[in-house]
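Following: one structure in structure tokens, then a few remarks.
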Amino acid sequence: MLTLGGCHPDPAQPASPPPVAEPVLVEARLRMVREQIVARGIADPRVLEVMGRVPRHEFVPASRRAEAYEDCPLPIGYGQTISQPYIVAFMTAVLNPRPGDRVLEIGTGSGYQAAVLADLVAEVYTMEIIEPLAKRAEADLKRLGYANVKVRAGDGYRGWPEAAPFDAIIVTCAPEDVPPALVDQLKEGGRMILPVGSQWGAQELYLLRKTATGMKRQGMLPVRFVPMVKGPG
Ligand code: SAH
């Protein structure tokens, strides 16, 4: 049986590694759910089921497929990463997605988090500032049959006003402060999860709730995400 690789930031990879058989990937995915997600206390059955189903290996470079179910982020090109599976599961569980929800994601990256959400809600709108990443994620999501995800190349600080308001917003890159446009585009009663902090200093994952009397903020977990960069203009 093929041994799944370790958690190395960017080891030298053969240009075309041997393909990993589908049953090995399925087994690795279910082990990921047990050992990385259930073992760390996530119990929401919808989240566990979707993490056991979405093919994470389809969202990583072919040369990293054998590592797709390891307990770590992986490079996806353009200096960006696909988040650690546990972080995807944690943010999804905290967001508490409901079947009728319309959700905005900022930081499409590989499209994996969008795929996880797409299986749990009505519609996902996802924005990515690096255009080739947006294009690639859009093609991958389409190829894999995620018909309820819309991808836009653009600056997440502006949000997606034409599709607002959203029931929930998830930000998978770290701004230094909560972007005001995203607060505006959240429904009253809506939830937003995002890491806040500087690139080099501490970042904290926050759950925000929009109430009639303002935003309520709850710190959840220290994290390290790539920075949310400002677009031109
Ligand atoms: N959710 C992704 C991982 C995100 S990595 C996944 O499942 O693979 C964070 C992404 O945020 C990067 O691709 C980065 O280019 C993007 N990003 C950074 N600043 C942004 C901005 N202002 N607007 C939109 N996307 C941004």
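Scope of the values below: all heavy atoms of this structure, side chains included, with no hydrogens, waters or symmetry mates. Whatever order the structure lists them in is the order used to number ligands and atoms, beginning at 1. This one's a predicted model, so the numbers in the text were calculated from it and none came from an experiment.
- At least one donor-acceptor pair under 3.5 Å links the side chain of Arg191 to the backbone N or O of Leu95.
- Contact annotation: for Glu105 versus ligand 1, heavy atoms closer than 4.0 Å belong to the side chain alone.
- By the 6.0 Å and 45° rule, Lys187 does not stack over the aromatic ring of Phe166.
- The side chain of Gln80, and not its backbone, has at least one atom closer than 4.0 Å to an atom of ligand 1 (non-hydrogen atoms only; side chain from C-beta on).
- Nearest protein heavy-atom contact of atom 8 (O) of ligand 1 is Ser110 OG, 2.6 Å.
- When hydrogens are left out, the protein atom nearest atom 23 (N) of ligand 1 is Gly156 N, 2.8 Å; that is the closest non-hydrogen contact.
- Looking at Gly107 next to ligand 1, an N or O pair under 3.5 Å apart turns up.
- Residue Thr108 places a heavy atom under 4.0 Å from ligand 1.
- A heavy-atom distance below 4.5 Å is found between the side chains of Ile129 and Val229.
- The backbone N or O of Ala118 lies less than 3.5 Å from a partner atom in the side chain of Asn148, making a donor-acceptor pair.
- At distances below 3.5 Å, not a single donor-acceptor pair connects side-chain atoms of Thr81 with backbone N or O atoms of Ser83.
- What sits closest to atom 26 (C) of ligand 1 on the protein, heavy atoms only, is Ile129 CG2, 3.6 Å.
- Below 4.0 Å from some heavy atom of Ile130 lie the following atoms of ligand 1, by number and element: 15 (O).
- Under 4.0 Å from ligand 1, the heavy atoms of Val226 that appear belong solely to its side chain.
- Glu70 places none of its side-chain heavy atoms less than 4.5 Å from the side chain of Gln36.
- Note on Asp71 versus Arg40: salt bridge recorded, some NZ/NE/NH1/NH2 to OD/OE distance being below 4.0 Å.
- The option from Val229, Val171, Thr126, Ile170 that lies nearest to atom 19 (N) of ligand 1, judged by heavy atoms, is Val229.
- Judged by distance alone, with hydrogens and angles left aside, the side-chain atoms of Glu204 form a donor-acceptor pair with the main-chain N or O of Leu221 at under 3.5 Å.
- Here the heavy atom of the protein found nearest to atom 7 (O) of ligand 1 is Gln113 N, 3.0 Å.
- Ligand 1 has no atom lying under 4.0 Å from any heavy atom of Ala114.
- Within the structure, the closest approach of Gly154 to ligand 1 falls below 4.0 Å when heavy atoms are considered.
- Side chains of Tyr69 and Arg29: a donor-acceptor N/O pair is present below 3.5 angstrom, by distance only.
- Of all protein heavy atoms, the one lying nearest to atom 5 (S) of ligand 1 is Thr81 O, 3.1 Å.
- Nearest non-hydrogen protein atom to atom 13 (O) of ligand 1 is Glu128 OE1, 2.7 Å.
- In this structure, Arg209 places its CZ atom where only 12 or fewer heavy-atom neighbours from other residues, nucleotides or ligands lie under 6.0 Å away.
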